[in-house]
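Protein chains get the first letters and strands the later ones, always in sequence-line order, with residue 1 at the start of each. It should be emphasised that the depicted structure is a prediction, and the values quoted were computed from it without experimental measurement.
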There are 2 protein chains.
Amino acid sequence: MRPTVHDIAAAAGVSLATVDRVLNQRPGVRQATRRKVEEAIREIGYVRDVAAANLAKSRVYPLVFILPTSDNSFMHGVLEEVKQAVARSGGERTAIRVIEVPAFDPSAIVAALQGLASEKPAGVALVATDAPEVRAAVDDLVAAGVSVVTLVSDLTGSRRHHYAGVDNIAAGRTAAHLLGRFLGAKEGEVAVLAGSMLVRDHRERLEGFAALMAEQFPQFSLLPVVEGRDDPELVNVLINATLSKNPRVIGIYSLGAGNRGLIKSLKESRPQRDLTVVAHELTAHTRSALKDGLIDAILNQDAGHEVRSAIRVMKAKADGLAIIPAQERIRLDIFLKDNLP
Amino acid sequence: MRPTVHDIAAAAGVSLATVDRVLNQRPGVRQATRRKVEEAIREIGYVRDVAAANLAKSRVYPLVFILPTSDNSFMHGVLEEVKQAVARSGGERTAIRVIEVPAFDPSAIVAALQGLASEKPAGVALVATDAPEVRAAVDDLVAAGVSVVTLVSDLTGSRRHHYAGVDNIAAGRTAAHLLGRFLGAKEGEVAVLAGSMLVRDHRERLEGFAALMAEQFPQFSLLPVVEGRDDPELVNVLINATLSKNPRVIGIYSLGAGNRGLIKSLKESRPQRDLTVVAHELTAHTRSALKDGLIDAILNQDAGHEVRSAIRVMKAKADGLAIIPAQERIRLDIFLKDNLP
DNA sequence: AATTTTTTGATTTACGTACATCAGATTTGG
DNA sequence: CCAAATCTGATGTACGTAAATCAAAAAATT
């Protein structure tokens, strides 16, 4: 049996009430007594039974997700996973709310974050846009005692407690590695399609990709980045233009969303061009393109894992508890035709 | 506020005691009343508060892991993860015990399983050896109300509740896909190194690998499988022999353990031979070999995730609760030099 | 209708913690 | 040294469920 508050009281030679005052940092305990109790806690290795404590407090964790209203499958997937988490919220003692903000708009995120300052939820998870004012707003929330987790795209330099997303530099390098080796002895140009260079995760992917290509596969030259704003229509137009303008393109790295447009272009160019393609995010569209051989590999981050991890971390941080780092590491999944889930 | 037992009692027009009798399937309730209560439960959507229930019952989940005493890094990793789970057992209300049995020995597993029949733990997780008598022993345990999870290697046809491990056929196919594409335009022979064809996971990996090679890359011929019994020394000898006997070998798929021996061989052959290698299980040895370019890709199953998943599933099944399937899916990780964790 | 059996209700204690109240003890300041 | 302020103890209630006891009611049996 693990020790209880009663055991601390006995060990420290004080009453239950005093132990309670120390544990819940309530006033009315002399320094000396407080130390004595803390000593006993350490000695017998007491850890608060969170389940019982939450029961006694009728505690619920009010959590907020701030998500961009992007019209792409990946963000829809994230939203879907949050909704499923809402469905489970009873058993997990969470009360989850979603705030949708326009994409690529720092001020909207800032407004949302500031609106939360008074509400003081237990935790906030946000898909961060990389801007100083967002950083400041996040820091303010952290200072106010809210646990903050960045989702999908990080906000380095801020005081956020945790980042639930993949290492995007490694993702870019991995894409380069796959593309380079799949292309093998061929020679030609490689095109890169991004959403926006304003988003940190896209910048990082490009950075990793370009670095490894230069290091390991100098025989392929990179075309200037095409920014499709994660918009399928725009992507389709841009990729068509790129392909017709550059006949030597033999590989494409799509590091953002809006792959529906890319796939359309690939289909149209199919008989004439032999393209090796690495894309991000497993969606219904990219999945079937992978199966059909239009795409050669998909790099993915599991939205479900990210959302569940963010919730676990927000809860743990709200209670000042430790997490299991390995469990919360978001992995970069590599999908080929043959290991689709 | 979610409904409580009191709400059911009120809704069904019965007393708390009757609700309790129905909920915990205690005798002394007429069929008609029982139905009335169950109706109310459904109507108002009551779900038992597991935390409160466990508190009231002072419940602990006695769990048992049956692991083979294999001298390879992967199994050591599994054991290590179980130990870490033991360290967390206080907060998770688990009491975990490990039984070590000789590897590749069905009768030892059967003996262990039968020994547990009287003890009746809440759950048992085992690395199954694929044999009819093991299947029977597992089915007996399931019949006795113990939740059983197979770990790493499955036991199809048995009544185990869950399998916490990767899809090994897909793993083999993925290995073939990577090896085939990495080899590109080259021609030659491919060697396959396994631990033992007695273990289901190894058989399945081979099956997937051979099938995809035949389908997609007929230009490479497969050498007969080499069985290294997951023993580094033996593997080293066997691979050396294979390489010197077959000068046309250009690729190796190592689907089992004992890769320390393989890596030694690769190092020795390095200047003369240009080999493309895909191996399983990320360990200290395979990791550094990947970094050094001796191995081109590593397929991995995360032992930590497997163990934590097995525990979650055993607990849930013991309470007759649902799991989140996506959360419990064990992914096949593909590691290249650039996405190592 | 009387008796036995079965079913139901009312009540209590417990799990480990939180939180509040009030009385009593100890310390502090003057 | 006494009053005031501060600290500590004792006690009770609550959270949602489990489990037990005993009395009362209803049903089934004779």
Side-chain angles (χ1 to χ4, degrees), chain A residues 1-38 40-41 44-61 89-95 122 318-321, chain B residues 1-41 44-61 89-93 95 122 318-321:
Chain A
M1 278 291 157
R2 57 197 282 222
T4 74
V5 278
H6 295 84
D7 300 319
I8 309 176
V14 299
S15 80
L16 222 64
T18 302
V19 173
D20 181 72
R21 288 178 186 117
V22 173
L23 276 176
N24 298 291
Q25 28 223 11
R26 266 186 272 278
V29 185
R30 226 180 319 152
Q31 265 308 318
T33 315
R34 191 174 290 274
R35 261 203 306 279
K36 207 166 58 179
V37 173
E38 278 162 353
I41 291 176
I44 65 178
Y46 167 83
V47 265
R48 173 196 256 113
D49 182 329
V50 187
N54 284 348
L55 178 62
K57 279 194 282 207
S58 312
R59 164 151 215 184
V60 286
Y61 298 83
S89 54
E92 297 178 347
R93 300 196 120 80
T94 53
D319 290 339
L321 296 176
Chain B
M1 277 292 156
R2 56 196 285 223
T4 74
V5 278
H6 295 84
D7 300 318
I8 309 175
V14 300
S15 80
L16 222 64
T18 303
V19 173
D20 181 72
R21 289 179 185 116
V22 173
L23 277 176
N24 297 291
Q25 26 223 14
R26 266 185 271 278
V29 184
R30 227 182 317 154
Q31 265 306 320
T33 314
R34 191 174 290 273
R35 261 203 305 279
K36 208 167 55 178
V37 173
E38 278 161 352
E39 178 72 11
I41 291 177
I44 65 179
Y46 167 83
V47 265
R48 171 196 257 116
D49 183 331
V50 186
N54 284 347
L55 177 61
K57 279 193 281 206
S58 311
R59 164 152 214 184
V60 286
Y61 298 83
S89 54
E92 297 178 348
R93 301 194 117 81
D319 290 340
L321 296 176

Restricting to nitrogen or oxygen on both sides, can you table the protein-nucleotides 13-17 of chain D pairs closer than 3.5 Å?
{"unit_1": "D/dC15", "atom_1": "O2", "unit_2": "A/Leu55", "atom_2": "O", "d": "3.4"}
{"unit_1": "D/dC15", "atom_1": "O2", "unit_2": "A/Ala56", "atom_2": "N", "d": "3.1"}
{"unit_1": "D/dG16", "atom_1": "N2", "unit_2": "B/Ala52", "atom_2": "O", "d": "3.3"}
{"unit_1": "D/dT17", "atom_1": "OP1", "unit_2": "B/Tyr46", "atom_2": "OH", "d": "2.7"}
{"unit_1": "D/dT17", "atom_1": "OP1", "unit_2": "B/Asp49", "atom_2": "N", "d": "3.3"}
{"unit_1": "D/dT17", "atom_1": "OP2", "unit_2": "B/Val5", "atom_2": "N", "d": "2.9"}

Taking A/Asn54 for the side chain and A/Ala51 for the main chain, is one N or O donor matched with an acceptor at less than 3.5 Å?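 Answer holds: no.
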Give a yes or no answer on whether the side chain of A/Arg59 reaches the backbone of A/Ala53 with a donor-acceptor pair at less than 3.5 Å. no
In whole Å, what is the span from the [atom1] atom of [X] to the [atom2] atom of [N]?
X: A/Ile8; N: D/dT8; atom1: CD1; atom2: P; answer: 16 Å
X: A/Gln31; N: D/dT8; atom1: CD; atom2: P; answer: 10 Å
X: B/Arg59; N: C/dG16; atom1: CZ; atom2: C1'; answer: 18 Å

So which atom in [X] and which in [Y] form the shortest heavy-atom distance, rounded to 0.1 Å?
X: A/Ile41; Y: A/Leu23; result: CD1-CD2, 3.8 Å
X: B/Thr18; Y: B/Val29; result: CG2-CG1, 4.2 Å
X: A/Val47; Y: A/Arg2; result: O-NH2, 3.0 Å

Does B/Arg26 make a side-chain N or O approach to OP1 or OP2 of D/dA19 shorter than 4.0 Å? yes
Mind checking the CZ-CD1 spacing from A/Arg48 to A/Ile8? Nearest 0.5 Å is all I need. 9.5 Å
Nearest to the side chain of A/Thr18 - D/dT8, D/dA10, D/dA20?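 Closest nucleotide among those given: D/dT8.
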Return the nearest nucleotide to the side chain of B/Arg30; candidates are D/dG9, D/dA27, C/dA10.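 Per side-chain heavy atoms of B/Arg30, the pick is D/dA27.
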